[in-house]
Amino acid sequence: QTVVNLSGERAETILKKSSVYNVHETNFPIGKVVTTKFAKAQLVLTRTGSDSFKLIIRRSFSDYIWQWMADAGSRP
């Protein structure tokens, strides 16, 4: 498993572009944990703060997810 901590003012935006799960804080409060599809991979997602998340990814998908997030983060 690989753990990625994603935080910052655009973290939720990146997740909205990539995940089928509604990560808006009214639906996904701090401390909630879900298993969801992210890009073409499955992961465990936790909201750890108002603008921070923990993603637990199968190691075989970690490079793919990292590149996906880098691309999603570079676009408005």
Side-chain angles (χ1 to χ4, degrees):
Q1 304 275 336
T2 300
V3 176
V4 174
N5 291 306
L6 178 64
S7 63
E9 61 184 40
R10 297 193 60 221
E12 190 172 305
T13 301
I14 291 170
L15 291 173
K16 285 179 180 178
K17 290 181 178 183
S18 309
S19 177
V20 297
Y21 190 79
N22 178 3
V23 295
H24 189 272
E25 65 185 330
T26 57
N27 185 61
F28 194 51
I30 295 171
K32 187 170 182 176
V33 179
V34 296
T35 300
T36 186
K37 189 172 182 180
F38 183 94
K40 295 181 181 179
Q42 191 170 13
L43 57 76
V44 176
L45 179 64
T46 306
R47 182 181 283 265
T48 57
S50 61
D51 65 351
S52 60
F53 302 85
K54 179 169 49 172
L55 294 74
I56 303 173
I57 307 159
R58 284 183 35 205
R59 191 174 69 185
S60 60
F61 287 106
S62 61
D63 287 337
Y64 169 74
I65 296 295
W66 184 259
Q67 290 173 6
W68 183 282
M69 286 193 304
D71 183 60
S74 67
R75 299 173 190 221

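For clarity, every value in this text was computed on a predicted model and none was experimentally measured. Residue numbers count from 1 along this sequence.
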Checking side chain to side chain contact (heavy atoms under 4.5 Å, CB included) for the pair Gln1/Val44: CA distance, chi angles, key distance, verdict? CA-CA 10 Å; Gln1 304 275 336; Val44 176; over 6 Å; no
Using the rule that two of Ile, Leu, Val, Met, Phe, Trp, Tyr join whenever any of their side-chain heavy atoms come within less than 4.5 Å, decide whether Val33 and Phe28 are in one cluster. no
What's the spacing between Thr2 OG1 and Leu43 CG if we round to 0.5 Å? 11.0 Å
For Ser62, is there any backbone N or O sitting under 3.5 Å from a side-chain donor or acceptor partner on Arg59? no
Under 4.5 Å between side-chain heavy atoms, counting indirect links through other Ile/Leu/Val/Met/Phe/Trp/Tyr residues: same cluster for Leu6 and Ile56 or not? no
Spell out, as yes or no, whether a donor-acceptor pair under 3.5 Å connects the side chain of Thr46 to the backbone of Thr48. no
Checking the side chain of Lys32 only, and the main-chain atoms of Asn27 only, is there a donor and an acceptor separated by less than 3.5 Å? yes
Look at the side-chain heavy atoms of Ile, Leu, Val, Met, Phe, Trp and Tyr, link any pair under 4.5 Å apart, and say whether Phe53 and Trp66 land in one connected group. yes
Backbone of Ile14 reached by a side-chain donor or acceptor of Ser18 within 3.5 Å: yes
Contact check, side chains of Phe38 and Leu15, non-hydrogen atoms, under 4.5 Å: yes
Would you name the heavy atoms of Thr36 and Ser19 that are closest together and state the gap between them? OG1-OG, 3.4 Å
Rounded to the nearest 0.5 Å, how far does CD1 of Ile57 lie from CD of Gln42? 12.0 Å
Do Ile65 and Val4 make a side-chain contact, defined as non-hydrogen atoms from C-beta onward lying under 4.5 Å apart? no
State, yes or no, whether a side-chain contact exists between Leu55 and Val3 at a heavy-atom distance under 4.5 Å. no
Provide the closest heavy-atom pair for His24 versus Glu12 in the form atom of the first, atom of the second, distance. CA-OE2, 3.7 Å
Are the side chains of Trp68 and Lys40 in touch, meaning some heavy atoms are under 4.5 Å apart? no
Would a distance-only check, ignoring hydrogens and angles, find a side-chain to backbone donor-acceptor pair under 3.5 Å from Arg47 to Val23? yes
